[in-house]
Amino acid sequence: MPHIAILGAGAVGTALATNWAARGHEITFGVRDADSESARKALNMLGGRARGTHFADAVTAGDVVVLALPWRAVEATLAGVDDFGGRVLIDATNPLEFVDGSLRLAVGHTTSGGERVAEWARGARVVKTLNQIGAERMAEPSALSPKPVMFAAGDDPEAREEALALIADLGFEAQDFGPLAGARLLEPFALTWIHMALVRGELLPVSWTGSGVI
Ligand SMILES: NC(=O)c1ccc[n+]([C@@H]2O[C@H](COP(=O)([O-])OP(=O)(O)OC[C@H]3O[C@@H](n4cnc5c(N)ncnc54)[C@H](OP(=O)(O)O)[C@@H]3O)[C@@H](O)[C@H]2O)c1
């Protein structure tokens with residue numbers, strides 16, 4: 001059973017960690033400060049079933065790595081990891097920014113956040129997935145009916161298989177979405193569920209800074 005390193009201990013990181021830990025996976029959070037209030041809160045939520053360390057050390061500890069950071073933090077954080085050593089890197093981020101009060105993709109059309117991540121993460125086999133549903137539904141998707149679909153796009157078929165097995169383990173209906181360029185469709189799709197959350201009057205399920213890249 002793979003040991004999972006999760007870079008980011010926020011809404012997405014803790015929901016995924018809670019779910020995978022309950023299924024017996026060992027979890028290591030990658031954080032910028034393992035003694036910060038936010039990191040300690042995440043570790044307390046996991047009740048001793050996870051540990052926290054700096055990003056590069058977490059990557060070394062994990063068999064598989066999950067990227068769960070705000071887009072604005074992604075490039076610099078990945079630059080701090082010398083080599084992913086061929087590990088699968090599940091990219092759950094959405095490359096979002098606010099411009100004039102409106103949420104939009106910071107990259108798209110001819111590339112995607114997932115493809116940028118593949119350029120920045122040396123030695124990683126990147127799979128774009130887990131960006132298509134709100135964090136509040138990631139801890140127990142099997143409670144939903146019908147079982148929610150989760151697509152996974154990546155250039156390495158074996159990496160896709162590994163990621164699909166892990167997302168099926170979470171309780172999703174895991175679907176192979178083909179090569180990583182499919183992230184150009186999966187990232188705008190994230191705006192669809194965010195839009196629905198707004199239409200339904202639910203809270204915006206991402207960090208809001210009011211301007212700039214989130
Ligand atoms: N929220 C959702 O419903 C949802 C669903 C699907 C995908 N996503 C995507 O998943 C990613 C994470 O979202 P989230 O909602 O989990 O975010 P979040 O709750 O804001 O958590 C962000 C995490 O990133 C860390 N972080 C923030 N700024 C950083 C920086 N400059 N350098 C290093 N670490 C930094 C935070 O650590 P500190 O506590 O130290 O700041 C925290 O651990 C985003 O790309 C988002 O678009 C979100």
Side-chain angles (χ1 to χ4, degrees), residues 5-20 27-46 50-59 65-81 89-98 103-108 112-114 116-117 120-121 126-141 144 148-153 163 167 170 172 183 186-198 200 202-210 212-214:
I6 303 179
L7 308 186
V12 170
T14 52
L16 293 175
T18 303
N19 191 332
W20 274 318
I27 305 290
T28 297
F29 284 115
V31 290
R32 47 184 165 179
D33 176 4
D35 288 326
S36 70
E37 199 182 320
S38 57
R40 278 191 275 111
K41 188 176 158 203
L43 293 173
N44 286 341
M45 272 181 69
L46 268 290
R51 67 186 192 99
T53 184
H54 198 260
F55 296 112
D57 295 330
V59 169
V65 184
V66 178
L67 186 59
L69 293 169
W71 183 245
R72 65 175 185 276
V74 168
E75 183 175 7
T77 302
L78 294 176
V81 179
L89 176 59
I90 291 177
D91 173 20
T93 67
N94 279 307
L96 303 176
E97 65 181 1
F98 280 103
L103 188 64
R104 69 177 195 188
L105 292 173
V107 294
S112 62
R116 288 279 168 84
V117 165
W120 296 331
V126 175
V127 180
K128 183 89 210 184
T129 188
L130 293 173
N131 67 314
Q132 302 142 49
I133 196 167
E136 68 282 5
R137 298 194 168 92
M138 290 181 182
E140 210 186 342
L144 299 172
V149 169
M150 182 60 66
F151 298 106
I167 60 183
L170 288 168
F172 288 105
L186 297 179
E187 290 166 4
F189 183 56
L191 288 174
T192 306
W193 66 257
I194 293 168
H195 177 78
M196 279 305 293
L198 286 169
R200 289 175 174 167
E202 297 172 3
L203 284 179
L204 188 66
V206 292
S207 313
W208 168 273
T209 60
V213 180
I214 62 171

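For reference, positions follow the sequence shown, starting with 1. Every number for a ligand or one of its atoms is a count from 1 in the order of the listing. All values derive from a computational prediction rather than experimental measurement.
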**Message:** Any heavy-atom pair between the side chains of Asp91 and Val74 that's under 4.5 Å?
**Reply:** no
**Prompt:** Under a 4.5 Å cut-off applied to non-hydrogen side-chain atoms, are Thr129 and Leu186 in contact?
**Reply:** no
**Message:** Parallel, tilted or perpendicular, judged at 30° and 60°: which one describes the rings of Trp120 and Trp71?
**Reply:** tilted
At under 4.0 Å between heavy atoms, which part of [X] makes contact with ligand 1: side chain, backbone, both or neither?
X: Val74; result: neither
X: Ala135; result: both
X: Phe55; result: side chain

**Message:** Using the salt bridge (charged side-chain N to carboxylate O under 4.0 Å, His left out) criterion, which residues pair with Arg51? Sequence neighbours excluded.
**Reply:** none
**Prompt:** Has ligand 1 got any nitrogen or oxygen that is less than 3.5 angstrom from a nitrogen or oxygen of Ser38?
**Reply:** yes
**Message:** For the 3.5 Å polar cut-off, considering only N or O atoms, please tell me whether Ala11 and ligand 1 meet it.
**Reply:** yes
Heavy-atom distance to [atom]: which of [options] wins?
atom: atom 47 (O) of ligand 1; options: Ile194, Ile133, Leu130, Asn94; result: Asn94
atom: atom 43 (O) of ligand 1; options: Gly113, Ala9, Ala190; result: Ala9
atom: atom 32 (N) of ligand 1; options: Gly13, Ala68, Ala73, Gly10; result: Ala73

**Fill in**
The side-chain hydrogen bond (donor to acceptor under 3.5 Å, both in side chains) partners of Arg104 (sequence neighbours excluded) come to Glu97
**Asked** Short list, please: which atoms of ligand 1 are under 4.0 Å from a heavy atom of Arg72?
**Response** 28 (N)
